[in-house]
Protein chains: 2
Amino acid sequence: MGTRGRVTKVSVADLAAELDVSTATVSRALNGSPAVRPELAQRIREHAEARGYVANRMARALSANVSRAFVGFVIPYVDTPAYSSVAAECARLLSADGTQLILTITENDPERELHQLKDLVASRVAGLIISPSTHILEASKQLLSNLPVVEFHRACGIAAPGVFSEDEQAMSEAVLHLAALGHTRIGYLGTPEALSNGAARLRGLHRGLELAGLDRGAVAMRLLEPTTDNGKRGVRDLLDGSRPPTALIVGGGALSIGAAQAVHESGRRLPDELSLVVYGHPSWFALSDPPLTRITVDYQDLALRAARLLNTVLDSGPARGGEPEPQFVTAQLHLAGSTGPPPKRAHASDRKSRR
Amino acid sequence: MGTRGRVTKVSVADLAAELDVSTATVSRALNGSPAVRPELAQRIREHAEARGYVANRMARALSANVSRAFVGFVIPYVDTPAYSSVAAECARLLSADGTQLILTITENDPERELHQLKDLVASRVAGLIISPSTHILEASKQLLSNLPVVEFHRACGIAAPGVFSEDEQAMSEAVLHLAALGHTRIGYLGTPEALSNGAARLRGLHRGLELAGLDRGAVAMRLLEPTTDNGKRGVRDLLDGSRPPTALIVGGGALSIGAAQAVHESGRRLPDELSLVVYGHPSWFALSDPPLTRITVDYQDLALRAARLLNTVLDSGPARGGEPEPQFVTAQLHLAGSTGPPPKRAHASDRKSRR
DNA sequence: ATGAAAGCGCTAACAT
DNA sequence: ATGTTAGCGCTTTCAT
C-alpha cells in the first residue's frame with residue numbers, strides 16, 4: 001500500500017473528493033491554517049499521508065507567484081574547495097527553509113553564464129547566489145539587477161550585497177613576513193585584476209611592499225586565470241630568469257596547487273632554497289612536506305553569511321535602497337615550514353659545490 | 001529599454017494582446033510550431049525578445065505535466081572530488097539539454113535523505129541521479145522505485161541502472177603488488193560493507209589475498225565511514241599493535257587523505273619503513289612526497305555515463321523492463337614511490353640503533 | 001493558419 | 001469553519 005505505481009498523481013482535488021470536503025479546506029489543513037477544525041484537519045492530513053500525497057511545488061509557486069522554492073547557485077567551478085564547500089554549506093542552510101538550490105556552473109564563460117542566468121530567471125528562482133565570471137556580460141548584469149542577488153568571492157559591480165574574503169591584510173602580512181626574513185626579490189603569482197579578488201590580493205601585495213619599504217618594481221608578477229596548469233606555468237616562468245626571486249607568493253587556490261607542484265618538480269628545497277606562501281583550503285596542502293605557509297579562508301563562515309544575506313535580500317527585493325553593505329571574512333596567514341630566510345648568495349656557491 | 005524594472009512579468013497573454021493574436025499562436029510561435037505563418041512567427045519572436053519575455057518553466061512544466069526542467073542530484077557530500085567532479089560534469093551535460101540540476105546533500109543522514117527526496121518529488125523532478133546514504137530508509141527506496149533513477153558510486157538495491165567504479169580488480173592488483181614485493185602483513189582501511197563500494201573493494205582485497213596465497217586472517221582491517229578523521233584514526237589504530245603491518249591499503253578517498261597524514265605524522269618513511277597504497281582523485285595527492293602509489297577513477301567518464309544513462313531512463317520511465325544493466329568505470333592502480341619491499345626485520349634493529 | 005477554451009495543481013479572495 | 005471561484009502562465013485539444 002501507500003505510494004504505489006508510478007509517480008505521485010494524487011492531487012488536492014482527489015483528496016477533497018475522497019473526503020467530501022472542498023479543495024480549499026484541504027489546502028488549508030495541509031498548510032496548517034488555524035481556520036480549519038482541528039479534528040478535520042487531522043483527518044485530512046492523515047488521509048493525505050496515507051494516499052502518499054506530495055504537494056506540487058511548481059503549482060504552489062505558480063499560484064503564489066512568489067516563492068522561495070528555488071534559489072540559483074551560480075559558480076565558475078565546483079571542483080575546488082573555494083566553491084564546493086560554500087555550495088555544500090549553502091545547500092544545507094537553505095534546505096532547512098525548504099529552499100532548493102539549482103546548481104549552475106559557468107566554467108567562467110560569460111556566454112554560458114548569461115544563458116544560465118536566463119534559465120534561472122525562467123525557473124523563477126527567488127534569488128541568486130553568484131560568483132560571477134571574469135568578464136561578465138552587460139546583459140547578465142542587467143538580469144542580475146532585477147533579482148535578489150548575493151555575490152561571493154568575486155564582485156562584478158552590480159548593486160548587490162556580497163560576502164568576500166578579506167585578503168588584503170593577510171597578503172600584506174605575507175609580504176612583511178618574507179621581508180622580515182630578509183627577502184628582497186619576491187615573485188607573485190595571482191589572478192587577473194579583472195577578478196575583484198585578484199585585484200584585492202594585489203592591493204594587499206602592494207601595501208605590504210610599501211610597508212616593507214620595498215620597490216614595486218622588485219616584484220616579478222604573473223597574473224593568470226586560476227587553474228592548476230597556470231599555477232605550474234607561472235612558477236616555471238618566475239623561476240626561470242637569471243636572478244629568480246628568493247620567495248614566491250601565490251594568490252589563488254588552484255594556482256597554489258600547480259605552483260606547489262612546479263616548485264617541487266624544480267627540485268628546490270623549501271625553505272632553504274626558496275620560500276613559498278600558498279593560498280587556499282588546508283585540505284589541499286595537507287600532504288605537503290614541509291607544511292606550507294599559507295593564507296586560508298573560513299569558507300564555511302563565508303557560506304553562512306552568504307545564506308543569511310540571501311535571506312535578508314529575499315525579504316527586501318532586489319537592490320533596493322542605497323548601497324548594500326558587503327561582508328568580509330578575513331583570511332588568515334598561517335606560518336609553517338615553507339618560509340625561511342633567503343639563501344645567502346656568498347655561501348650559496350659553497351653549498352652548491354658540496355653536491 | 002529591454003528588461004527594465006523588477007523581475008520579468010511579461011506573459012504570453014501580454015504578448016498576445018500587444019500583437020493582437022491569440023495566446024495559442026504566441027505559444028506556437030515561441031515553440032517553433034510549423035503551424036504558424038513564418039512571417040507572423042518571426043514578428044512574434046522579435047516582439048517577445050524586445051519585451052524581454054522569458055517563459056516561466058514552472059507554468060510550462062505544470063501544463064505539460066511531464067518535463068525535463070529539473071533533475072535531482074543527491075549526494076552525501078560535495079566537498080570531495082568523487083562527488084564534486086561528477087556534479088560539475090553532470091551539470092554541464094544536462095544544462096546542454098536545458099535541464100537544471102537541483103543539488104541536494106544528505107550528509108549521509110538517512111532522515112535528511114528521505115526528506116530531501118520528498119522535496120524533490122514535490123518539485124516534480126524528471127529524474128534523479130543519486131549516491132545513496134549508507135543506511136537508506138525503506139521509505140526512500142519506495143520513493144526511488146517510482147522515479148527514473150540513476151545511481152552512482154553506491155548502489156542501494158533498487159531496480160535502477162547505475163555507474164560504478166570497478167574497484168575489485170585494482171584492489172586485487174594492489175594486494176598482489178604488495179605480496180610480490182614480499183609483504184605478508186597487510187593492513188586494510190576501508191569503508192563499511194554496508195556501502196556497496198566498500199563491499200566491492202573488500203571483495204577485491206580478498207581475491208587478491210587468495211591469488212597471492214595469503215591468509216585472510218593475516219590482514220588487519222578497519223572499516224569506517226569515509227571521513228578524513230576516520231582515515232587518521234584508522235591508520236593510528238592499525239599501526240599501533242606490537243606487530244604492525246608492513247603495508248597499508250586504503251580503500252576510500254577521504255580516508256586516504258587522513259591516512260596519508262597519519263602515516264606522515266607517525267614519522268615512518270615511505271616506502272622504506274612502510275608501504276602505502278591510497279585511493280582517490282590525483283589532485284588530492286599531488287603534493288605528497290614521495291608520490292603515492294594509488295588507485296584512481298576517471299570521474300569525468302563516470303559522470304558522462306551517468307548523464308547518458310539518465311537520458312535513457314528518462315525516455316523509458318522508472319525501472320521498467322527487466323534488470324537494468326549497471327555500467328562500470330574501471331579503477332586503475334598507479335605505481336609510485338610509496339610502495340617497496342618490506343623492511344627486513346634482521347636489519348631493522350640495526351637501522352633503529354643508528355638513530 | 002489561427003482562435004477559444006479547458007486545464008495542469010495549487011492558493012487566496014470572496015462568499016456563506 | 002467551510003465552500004465557490006478565480007486565477008498563476010503555459011500548452012493543447014477542438015473548432016473555425
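So you know, we letter chains A, B, ... as the sequences are listed, proteins then strands, and number each from 1.
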Toward the 5' end of DNA chain C, which comes first, B:A35 or B:S63, by nearest nucleotide? B:A35

DNA chain C: B:A64 or A:L30, which has the more 5' nearest nucleotide? B:A64

Below 4.0 Å: OP1/OP2 of [N] and any side-chain N or O of [X]:
{"X": "A:N56", "N": "C:dC8", "value": "no"}
{"X": "A:R37", "N": "D:dA1", "value": "no"}
{"X": "A:S27", "N": "C:dT11", "value": "yes"}
{"X": "B:R28", "N": "C:dT2", "value": "no"}

Spacing between [X] atom [atom1] and [N] atom [atom2], to the nearest angstrom:
{"X": "B:R124", "N": "D:dC10", "atom1": "CZ", "atom2": "C1'", "result": "17 Å"}
{"X": "A:L19", "N": "D:dG3", "atom1": "CG", "atom2": "P", "result": "10 Å"}
{"X": "A:L15", "N": "D:dG3", "atom1": "CG", "atom2": "P", "result": "14 Å"}
{"X": "A:D14", "N": "C:dG9", "atom1": "CG", "atom2": "P", "result": "8 Å"}
{"X": "B:R51", "N": "D:dG9", "atom1": "CZ", "atom2": "P", "result": "13 Å"}
{"X": "B:Y53", "N": "D:dT11", "atom1": "OH", "atom2": "C1'", "result": "11 Å"}
{"X": "B:I44", "N": "C:dT2", "atom1": "CD1", "atom2": "P", "result": "8 Å"}

Residue [X], side-chain heavy atoms: nucleotide from [options] that is nearest:
{"X": "B:L62", "options": "D:dT12, C:dC8, D:dC8", "value": "C:dC8"}
{"X": "B:A24", "options": "D:dC10, C:dA5, D:dT5", "value": "C:dA5"}
{"X": "B:L40", "options": "C:dA5, D:dC10, C:dT2", "value": "C:dT2"}
{"X": "B:S22", "options": "D:dC10, C:dC10, C:dA4", "value": "C:dA4"}
{"X": "B:R60", "options": "C:dC10, D:dT11, D:dT2", "value": "D:dT11"}

Below 6.0 angstrom between ring centroids: does that apply to [X] and [Y]?
{"X": "A:Y53", "Y": "A:H47", "value": "no"}
{"X": "A:F152", "Y": "A:F73", "value": "yes"}
{"X": "B:F70", "Y": "A:F70", "value": "yes"}

Sugar-phosphate only, base, or nothing, as touched by A:A61 at under 4.0 Å among non-hydrogen atoms: nothing

Identify whether any heavy atom of A:D20 sits under 4.0 Å from a base atom; if not, whether one sits that close to sugar-phosphate; answer base, sugar-phosphate or nothing. sugar-phosphate

Pi-cation contact, B:F164 with B:R305 (under 6.0 Å, within 45°): no

If you measure only the distance, is there a donor-acceptor pair under 3.5 Å linking the side chains of B:Q42 and B:E46? yes

